[in-house]
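What follows is one structure encoded as structure tokens, with my remarks underneath.
FYI, the numbering just counts along the sequence from 1.
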Amino acid sequence: MAMTMNGEVQLAAPREAVWTKLNDPEVLKACIPGCEELEKTEDNGFRAVAKMKVGPVSARFKGRVTLSDLDPPNGYKISGEGEGGVAGFAKGGATVALAEKDGGTLLTYDVEAQIGGKLAQLGQRLINGSAKKLADEFFANFAKAVQGS
């Protein structure tokens, strides 16, 4: 099952500061809902463990995250894939762009993801709703981290 999502968030911080936080594993770990581990591996890569609950299915996903198409401080592509055992798998990517706007930074994102296994049987509406909730939660956490609160 595939899905796409996009959105934007206005951040009250300079673009360079936002870029730095987007590349900081500690910040990302604190902002990703359910993230238990996020460890830098080779250049531009991370090993990740996150616990997710989607409807009645809850699973611990283990996987890899890679940053590519780096264009500091304008944006990058982040992609990842994870295995959740019997719950299934998830993989996808997001293009993140940063632009100066209203004395702060406008972050826009386009996400594409695929899921399979038990998760895919839950139905498109539940999956899309959960994905949107996770994205909203991440960006709310990220906005707090960037603004230093």
Side-chain angles (χ1 to χ4, degrees), residues 1-55 59 61-84 87-116 119-120 122-149:
M1 178 191 297
M3 63 183 156
T4 56
M5 222 182 1
N6 54 40
E8 58 183 43
V9 59
Q10 176 70 26
L11 301 165
R15 194 163 54 158
E16 284 73 15
V18 174
W19 173 260
T20 301
K21 299 249 194 246
L22 271 179
N23 285 280
D24 182 334
E26 287 304 308
V27 172
L28 292 174
K29 179 184 175 194
C31 294
I32 297 168
C35 189
E36 296 175 351
E37 290 174 40
L38 187 67
E39 199 175 278
K40 202 160 177 49
T41 54
E42 73 287 350
D43 285 350
N44 305 330
F46 301 97
R47 193 178 54 73
V49 177
K51 194 171 182 179
M52 302 278 167
K53 185 168 171 33
V54 180
F61 286 90
K62 293 181 175 166
R64 302 182 25 78
V65 177
T66 310
L67 305 180
S68 59
D69 299 342
L70 284 98
D71 178 17
N74 304 309
Y76 62 37
K77 184 169 172 60
I78 182 167
S79 35
E81 50 189 276
E83 280 293 330
F89 71 88
K91 67 179 182 178
T95 303
V96 179
L98 303 176
E100 289 176 20
K101 183 179 178 202
D102 299 336
T105 303
L106 182 68
L107 182 155
T108 54
Y109 61 92
D110 282 290
V111 178
E112 278 183 40
Q114 286 113 28
I115 56 166
L119 282 173
L122 292 174
Q124 191 84 32
R125 279 195 27 222
L126 180 59
I127 295 296
N128 285 347
S130 297
K132 177 153 180 26
K133 186 173 166 276
L134 287 171
D136 290 346
E137 210 175 307
F138 170 82
F139 286 109
N141 293 343
F142 187 71
K144 284 183 198 145
V146 164
Q147 285 149 211
S149 53

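- Among all heavy-atom pairs drawn from F61 and M52, the shortest one is CD1-CG, 3.9 Å.
- Contact annotation: the side chain of N23 approaches that of L70 to within less than 4.5 Å [non-hydrogen atoms, C-beta and beyond].
- Residues Q124 and A2 approach most closely at NE2-O, 3.3 Å, considering heavy atoms.
- Residues F139 and L11 are not in side-chain contact: their nearest non-hydrogen atoms beyond the backbone lie 4.5 Å or more apart.
- Put simply, the side chain of Q114 reaches to within 4.5 Å of the side chain of K91, judged on heavy atoms.
- Taking all atoms of both residues into account, the shortest heavy-atom contact from L38 to P25 is CD2-O, 3.5 Å.
- Taking all atoms of both residues into account, the shortest heavy-atom contact from L98 to P73 is CD1-O, 3.4 Å.
- L107 has its side chain within reach of F142: a pair of non-hydrogen atoms, C-beta onward, lies under 4.5 Å apart.
- Counting heavy atoms from C-beta outward, L119 and F89 have side chains that stay 4.5 Å or more apart.
- Residues N74 and R15 form a side-chain contact, since some pair of their non-hydrogen atoms from C-beta on lies under 4.5 Å apart.
- Taking both residues in full, the closest heavy atoms of M5 and A135 are given as CE-CB, 4.0 Å, listed atom of the first, atom of the second, then distance.
- Counting heavy-atom neighbours within 6.0 Å of E36 CD, excluding the residue itself, gives a total above 12.
- Scanning both residues, P33 and E137, for their nearest heavy atoms gives CB-OE2, 3.5 Å.
- Counting heavy atoms from C-beta outward, N44 and Y76 have side chains that stay 4.5 Å or more apart.
- For NZ of K77, the number of neighbouring non-hydrogen atoms (other residues, nucleotides, ligands) closer than 6.0 Å is greater than 12.
- Using a 4.5 Å cut-off on side-chain heavy atoms (C-beta onward), V65 and I78 make contact.
- By the neighbour-count criterion of 12 heavy atoms within 6.0 Å, atom NZ of K51 is sparsely surrounded, having that number or fewer from other residues, nucleotides or ligands.
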